[in-house]
S.K.: 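Let me give you the structure first, and then I'll get to my questions.
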Number of protein chains: 2
Amino acid sequence: METSGPDHATRLIDAPARGCGIERTLQVLDGKWTTLIIRELLPGPKRFGELRTALGTPSAKTLTDRLRILERQNILTRTVHAEVPPRVVYQLTDQGQSLSSVLYAMLSWGEQHPLIED
Amino acid sequence: METSGPDHATRLIDAPARGCGIERTLQVLDGKWTTLIIRELLPGPKRFGELRTALGTPSAKTLTDRLRILERQNILTRTVHAEVPPRVVYQLTDQGQSLSSVLYAMLSWGEQHPLIED
DNA sequence: CGGGATCCCTTCGGATACTG
DNA sequence: CAGTATCCGAAGGGATCCCG
């Protein structure tokens, strides 16, 4: 993976410090939970409660706030099924799915670099 | 890039939600400035003042705090040159350099997905 | 069940002043 | 120049209660 692409380094060096693509990505992958939310939704849609459990039970407010932001950013969709009890399903958009490339890079790096300390 | 690797998706789906490599990466790429600091250091070492200017002048405290954390995490080194005036140089470690794979993924995604709002 | 409303606390980041 | 020390405001995240 490192063999074929010295071009990667070049593009990273050439990108202007401010206003480059990295900053747009950071605008999405912001906050404590966002990246993990996307990770949970990659396999397929999930309900609010499923998400909450899978993430380790963040507060409802925290999760709701973040999901609303991601919805506005067109990373996921929110579908309300008018039933009793209500069922609300979150699903990644194509744009959200495409973040898998970033998440995969994060996964690979994290697996290869166990942190020494905190 | 999407053509050859359905394996990427598989590994992302299989990774356990908590304690997977993604979370270790998030432990490093934390806070408002970290990712941009690393981006600035990829081309080569920089002095404290150079970093500050390149990033858009965050407060000295903010930058110092974050640099100390990254030093403890073995992402970069801090070298003090005993001169007058003092000169302090920050340089990525091999581990820090290796984060370029993640930054490159962020750059690519950001370039291809201009945000609609927010 | 999936929130909304409210209150609260911690943390992050910034402003300012001072130092080796 | 590159910090340290101190104080501060805003925001993120959480706890609790209530509702359709």
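Since the model is a prediction, treat every value here as computed from it, not as a measurement. The sequence lines fix the lettering, A, B, ..., with proteins before strands; numbering per chain opens at 1.
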S.K.: Let me know the distance between NE2 of A:His81 and C1' of D:dG20, rounded to the nearest Å.
M.R.: 18 Å
S.K.: On DNA chain C, does the nearest nucleotide to A:Thr64 precede the nearest nucleotide to A:Pro86 from the 5' side, or the other way round? Give the residue.
M.R.: A:Pro86
S.K.: Does any pair with a residue in residues 73-92 of chain B pass salt bridge (Lys or Arg N to Asp or Glu O under 4.0 Å), and if so which ones, sequence neighbours excluded?
M.R.: B:Glu83-B:Arg87
S.K.: Assign B:Lys32 to base, sugar-phosphate, or nothing according to its heavy-atom contacts below 4.0 angstrom with the strands shown.
M.R.: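 If one applies the 4.0 Å heavy-atom cut-off, B:Lys32 turns out to touch the sugar-phosphate alone, with no base involved.
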S.K.: Let me know, please, whether A:Ala60 or A:Asp30 comes out on the 5' side of the other along DNA chain D by nearest nucleotide.
M.R.: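 It is A:Asp30, whose closest nucleotide lies nearer the 5' terminus.
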S.K.: Does a donor on one side chain and an acceptor on the other come within less than 3.5 Å for A:Ser100 and B:His8?
M.R.: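 Judged by distance alone, the side chains do not pair up.
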S.K.: Give the first and the last nucleotide of DNA chain C, reading 5' to 3', that has any atom under 4.0 Å from a heavy atom of chain A.
M.R.: C:dC1 to C:dT6
S.K.: Under a 3.5 Å cutoff, is there a donor and acceptor pairing between the side chains of A:Trp33 and A:Thr62?
M.R.: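 Side chains of A:Trp33 and A:Thr62: no pair found under 3.5 Å.
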S.K.: Could you check how far CG of A:Leu55 sits from P of D:dG12, rounded to whole Å?
M.R.: 18 Å
S.K.: Need to verify one output field. Residue with the more 5' nearest nucleotide on DNA chain C, A:Gly49 or B:Leu63?
M.R.: A:Gly49
S.K.: Between B:Ser101 and A:Trp109, do the side chains contain a donor N or O and an acceptor N or O under 3.5 Å apart?
M.R.: no
S.K.: Can you see which heavy atom on A:Arg66 is nearest to which on A:Asp30, and at what distance?
M.R.: NH1-O, 3.5 Å
S.K.: Give a yes/no on whether any side-chain N or O of B:Arg47 is located under 4.0 angstrom from OP1 or OP2 of D:dA2.
M.R.: yes
S.K.: Ignoring backbone atoms, establish whether B:Arg52 has a side-chain N or O less than 4.0 Å from OP1 or OP2 of D:dG3.
M.R.: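 Checking D:dG3 against B:Arg52, no side-chain N or O comes under 4.0 Å of OP1 or OP2.
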S.K.: How would you list all residue pairs meeting salt bridge (Lys or Arg N to Asp or Glu O under 4.0 Å) that involve residues 44-60 of chain B, not counting sequence neighbours?
M.R.: B:Glu40-B:Lys46
S.K.: Both A:Pro58 and B:Arg87 contact DNA chain D. Which one's nearest nucleotide lies toward the 5' end?
M.R.: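 Nearer the 5' end of the strand: B:Arg87.
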S.K.: Would you say a side-chain N or O of B:Arg78 is under 4.0 Å from OP1 or OP2 of D:dG3?
M.R.: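 Answer is yes, contact under 4.0 Å.
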S.K.: Just the rounded figure in Å: distance from P of D:dG13 to CD1 of A:Ile69.
M.R.: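 Result: 8 Å.
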